[in-house]
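Read the structure below first, then the notes.
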Amino acid sequence: MTVIREVSFIKSAGSEGAYPEHELPELAFAGRSNCGKSSLINKMVDRKRLARVSNTPGRTQLVNFFRVDQRVMLVDLPGYGFAKVPLALKAAWGPMVEGYLRSREQLAALVLLVDSRREPREEELRLRAWCRERALPVIYVATKVDKLKASKRPLRLREIARDFSVPVRSVLPFSSLTGEGREELWRRLELVFG
Ligand code: GDP
């Protein structure tokens, strides 16, 4: 099992000038609000409440940096798709995330989360497009797979893969509840930053 010794919250930043300066590779996590991003980050670093689960919309409109074992920086990107977020905040998401993905030199990969019961939509496809433009690796994760009926699971994973135009093995099933996928996600992450 991947053991995490030290995790530190470094800072929340609302613009490029405020991002921390450091020498570590970064791994960014993006997903629709409520897709399970905070729970996944907490599971990956084995902490209960590092990233806030079910946080209020306003707070999440910042980029949060967490340093793990002096080896890598996990970057929690703002969620999107909140029904109740004011239009101005909604409009700010695109430029902020696009700017980060395009310009952050030490960024090693984007982890793109999609709730396994939902289809990828416009924002997920935009995120992928921004990564493609700079040839940044994307790691696709289908979250909350414990909620899928066993009989439906293979089909759902195939559908998500098809929507992203990737082979089905590229879509990693993950459950923060059971821990399924945690080791495999660390393995895939280490391939890109290790
Ligand atoms: P975020 O908004 O993307 O950060 O999502 P959260 O991590 O706050 O999770 C949203 C809701 O889904 C919470 O009620 C979580 O308890 C629940 N949740 C997150 N991950 C899982 C999972 O793997 N399995 C199940 N059953 N529920 C989950």
Side-chain angles (χ1 to χ4, degrees), residues 1-2 4 7 9-14 26-66 68 73-86 89-90 92-94 96-97 100-101 109-128 131 138-157 159-161 163-164 171-189:
M1 203 182 94
T2 308
I4 305 299
V7 191
F9 169 70
I10 302 300
K11 74 185 297 195
S12 296
E26 291 185 351
L27 298 167
F29 293 76
R32 191 168 295 280
S33 70
N34 210 43
C35 75
K37 177 158 60 72
S38 310
S39 304
L40 176 140
I41 292 173
N42 290 335
K43 190 75 194 174
M44 290 305 285
V45 299
D46 210 7
R47 299 291 185 276
K48 288 237 153 42
R49 268 191 287 274
L50 183 74
R52 252 175 243 259
V53 172
S54 296
N55 26 25
T56 49
R59 285 236 175 82
T60 58
Q61 300 309 112
L62 295 169
V63 181
N64 293 300
F65 295 82
F66 303 98
V68 178
M73 195 76 85
L74 303 188
V75 181
D76 187 4
L77 294 174
Y80 48 87
F82 289 108
K84 291 190 190 133
V85 167
L89 270 187
K90 275 189 189 157
W93 175 83
M96 185 179 202
V97 172
Y100 171 81
L101 291 176
L110 173 72
V111 183
L112 182 48
L113 278 60
V114 54
D115 186 320
S116 56
R117 299 162 303 166
R118 300 181 193 285
E119 270 91 58
R121 288 193 288 180
E122 190 203 334
E123 292 91 339
E124 283 81 15
L125 300 175
R126 271 162 76 193
L127 284 161
R128 191 191 50 171
C131 293
V138 178
I139 296 171
Y140 299 91
V141 176
T143 62
K144 308 190 191 181
V145 286
D146 59 278
K147 293 200 179 206
L148 292 180
K149 280 208 186 105
S151 59
K152 294 260 169 67
R153 178 178 158 135
L155 177 64
R156 276 307 301 139
L157 294 173
E159 285 171 344
I160 293 169
D163 291 340
F164 281 124
V171 178
L172 175 66
F174 194 97
S175 166
S176 301
L177 205 71
T178 66
E180 176 180 354
R182 181 182 183 269
E183 289 310 301
E184 178 61 19
L185 183 52
W186 271 122
R187 203 183 65 76
R188 292 188 191 190
L189 295 176

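Read the numbers this way: they start at 1 and go in the same order the structure lists the ligands and their atoms. Atoms considered below: every heavy atom in the structure, side chains included; atoms not considered: hydrogens, waters and symmetry mates. Keep in mind that what you see is a predicted model, and the values were worked out from it rather than measured.
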Applying side-chain contact (heavy atoms from CB on, under 4.5 Å), can you list everything that pairs with E180, at least two apart in sequence or on another chain? V145, R153, P173, S175, T178
Run the side-chain contact (heavy atoms from CB on, under 4.5 Å) test against K152 and tell me which residues pass, sequence neighbours left out.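 With neighbours one apart ignored, the set is K149.
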Taking only Lys NZ, Arg NE, NH1 and NH2, and the carboxylate oxygens of Asp or Glu, determine whether [X] and [Y] approach each other closer than 4.0 Å.
{"X": "R32", "Y": "D115", "result": "no"}
{"X": "R156", "Y": "E119", "result": "yes"}
{"X": "R188", "Y": "E184", "result": "yes"}

Closest non-hydrogen atom pair, D163 against P120: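 Closest approach of D163 to P120, heavy atoms only: OD2-CD, 3.4 Å.
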Which pair of heavy atoms, one from M44 and one from R182, lies closest together, and at what distance? O-NH2, 2.9 Å
In terms of atom number and element, which parts of ligand 1 are under 4.0 angstrom from non-hydrogen atoms of R32? 3 (O)
Can you sort out which atoms of ligand 1 are near S175, meaning under 4.0 Å from one of its heavy atoms? 23 (O)
Backbone or side chain, does any N or O of F174 fall under 3.5 Å from an N or O of ligand 1?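 Not met; the criterion fails.
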Heavy-atom distances under 4.0 Å are what count here, so tell me which part of N34 touches ligand 1: side chain, backbone, both or neither.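 Both backbone and side chain.
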Taking 4.0 Å as the limit for heavy-atom contacts, which would you say applies to K147 with ligand 1: side chain only, backbone only, both, or neither? side chain
I'd like to know whether ligand 1 has [X] as a neighbour, heavy-atom separation below 4.0 Å.
{"X": "G31", "value": "no"}
{"X": "K43", "value": "no"}
{"X": "G79", "value": "no"}

Looking only at non-hydrogen atoms, which of G81, G181, S33, S39 approaches atom 7 (O) of ligand 1 most closely?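 Among G81, G181, S33, S39, the closest heavy atom to atom 7 (O) of ligand 1 comes from S39.
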